[in-house]
Protein chains: 2
Amino acid sequence: MMSRCEQCLIKEFNNLNALSKEELKKISDSKDIHTFKKGEVIFSEGKFVTGVYCIKEGVCKSSQLNANGKEQIVKFTKKGDLIGYHSAITNEANTITVTALNDVSACFIPQELIKKPLDENAKFSTAMFKTVCSDLKEANNAITNISTNTVHQRMADLIIFLKDTYGSTEAGVIKIQLSRKEIASAVGTATESAIRILSGFKKDGLIDLTGKSITILNEIELKRLAEGL
Amino acid sequence: MMSRCEQCLIKEFNNLNALSKEELKKISDSKDIHTFKKGEVIFSEGKFVTGVYCIKEGVCKSSQLNANGKEQIVKFTKKGDLIGYHSAITNEANTITVTALNDVSACFIPQELIKKPLDENAKFSTAMFKTVCSDLKEANNAITNISTNTVHQRMADLIIFLKDTYGSTEAGVIKIQLSRKEIASAVGTATESAIRILSGFKKDGLIDLTGKSITILNEIELKRLAEGL
DNA sequence: TGTTTAATATGATATTAATCATTTAAAAAA
DNA sequence: TTTTTTAAATGATTAATATCATATTAAACA
């Protein structure tokens, strides 16, 4: 059960591969494998997280609540993602809530073991900088996307994003299942609107819908739609 | 003219104060003071920036263009802000365009002189991490704000933000002048809608408008509006 | 297995905001 | 200063999206 970080393949997907053998060994000695069931909250907005999670398996959503309690999904994680670094870096409460969208297994790495290499290992620190900058770039793109594109465009965009990020089966079924409410929250629209637009896409032969499964039938046209053509 | 960074007061507003005397001296020796007239572009989306700018005086907007060429303002800078760090950290093209909103004077610091302390000076590196994380936090808040709040709410929110960030005269006039188009772009709405909402706020006695100047008359009610009450 | 609860779907309607058209006012340029 | 250009304002209209109501389906549970 207690596998060694040094041998862990997941780290090839993230910045932990910039750590030295000694640093990895220390992490390996004190890390903890946590599992979360679908729907379980990994950490919440407003709470301090005392370490960083490395997602080994499963998908999470990062979301915020607005003043009226409406949820906005700001990011989806993928395998290998390091989450919860905000608290570790800033010593401030987290500003997002991360929730498992399916069964998730993640290694919990105590803060100190991240902070030390962040100060001492330039390779790791540079890699982490790139990650945070990339997250910021994506967030800026999302701002522009939400405020200048229509809900139709954003829905088409989300479907393409989900396919590109999580892949699809040979039959074309996207390998992530979201509720209509979650889809609406990611797109930034009302649940009913999301449902209507998905139904419309189905009627137009762009996608197929079976329960929570989405199958892309016409990716080219979806991409055109996403660009507003 | 060639003032020394070591004595510069602006650095007290940003992370450069975490640098050692030697590091500051190096920067001082090769920095360049650039001035930009109102409306001038400091650097553009898609271009590489070969250094970081430290804003000594003036205000800038950071914006992106969407596929249809519509501008979205994603951030306003203030005195002391370090801008253009994205390229320096990631070695990638910049993803935003920064434009002077009034006359701006900024010190240009070549990339190497930032990169080296970023690797070697943990205090500076930690400070920069906090800045990027804070920018990311703000961007996430903007996503939630734009997609869950109405244009009215966001307009009220922007007015409060501008007052808090740039201050106001004794008479209550906010110390930054934006065109209606820029206000619309920051709020994420059409120019006509922005104009209409501002006129509405004026009619309701919340603000006063004289040319491009905005005066807050009822901050409490504006804050209530921003929260959707 | 039946019963309850929650999720999805869809119609009708209301609201919000965008677009188009035109006027007025303010800057910039000749 | 006059002319030209650009920005701001406002009305009318259309389009997009949210909300409310209700039906249908699927999932959870007793």
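Reminder, nothing fancy here: chain letters follow the sequence lines and each chain counts from 1.
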Subject >> side chain to side chain donor-acceptor pair (under 3.5 Å) contacts in which one or both residues fall within residues 205-229 of chain A, not counting sequence neighbours >> reply: A:K163-A:E219, A:Q177-A:S213, A:E219-A:K223, A:E221-A:R224
**OP:** Identify, residue by residue, the members of residues 178-197 of chain A with a heavy atom below 4.0 Å from DNA chain D, and return them in order of residue number, or none.
**Re:** A:T189, A:A190, A:E192, A:S193, A:R196
Subject >> Non-neighbouring partners of A:D157 that pass salt bridge (charged side-chain N to carboxylate O under 4.0 Å, His left out), sequence neighbours left out >> reply: none
**OP:** Could you name each residue pair satisfying salt bridge (charged side-chain N to carboxylate O under 4.0 Å, His left out) that touches residues 62-71 of chain B, not counting sequence neighbours?
**Re:** B:K61-B:E71
Subject >> Which residues share a salt bridge (charged side-chain N to carboxylate O under 4.0 Å, His left out) with A:K56, sequence neighbours left out >> reply: none
Subject >> Positions of residues 140-153 of chain A (non-hydrogen atom under 4.0 Å from DNA chain D), listed by number >> reply: A:T150, A:V151
Original post:
Excluding sequence neighbours, so at least two apart, what forms side-chain hydrogen bond (donor to acceptor under 3.5 Å, both in side chains) with A:T189?
Top reply: none
**OP:** Give the angle between the helix axes at the two ends of the helix from C:dT1-D:dA30 to C:dA30-D:dT1, taking five base pairs at each end and rounding to 10°.
**Re:** 50°
Original post:
What residues, two or more places apart in sequence or in another chain, satisfy side-chain contact (heavy atoms from CB on, under 4.5 Å) together with B:T165?
Top reply: B:K78, B:F161
Original post:
Earliest and latest nucleotide of DNA chain C, 5' to 3', sitting under 4.0 Å from a non-hydrogen atom of chain A?
Top reply: C:dA7 to C:dA12
**OP:** Quick one: which residue pairs count as a salt bridge (charged side-chain N to carboxylate O under 4.0 Å, His left out) with a foot in residues 37-50 of chain B, not counting sequence neighbours?
**Re:** none
**OP:** Go through the structure and list residues passing side-chain contact (heavy atoms from CB on, under 4.5 Å) with A:A139, not counting sequence neighbours.
**Re:** B:L136, B:A139, B:N140, B:I143
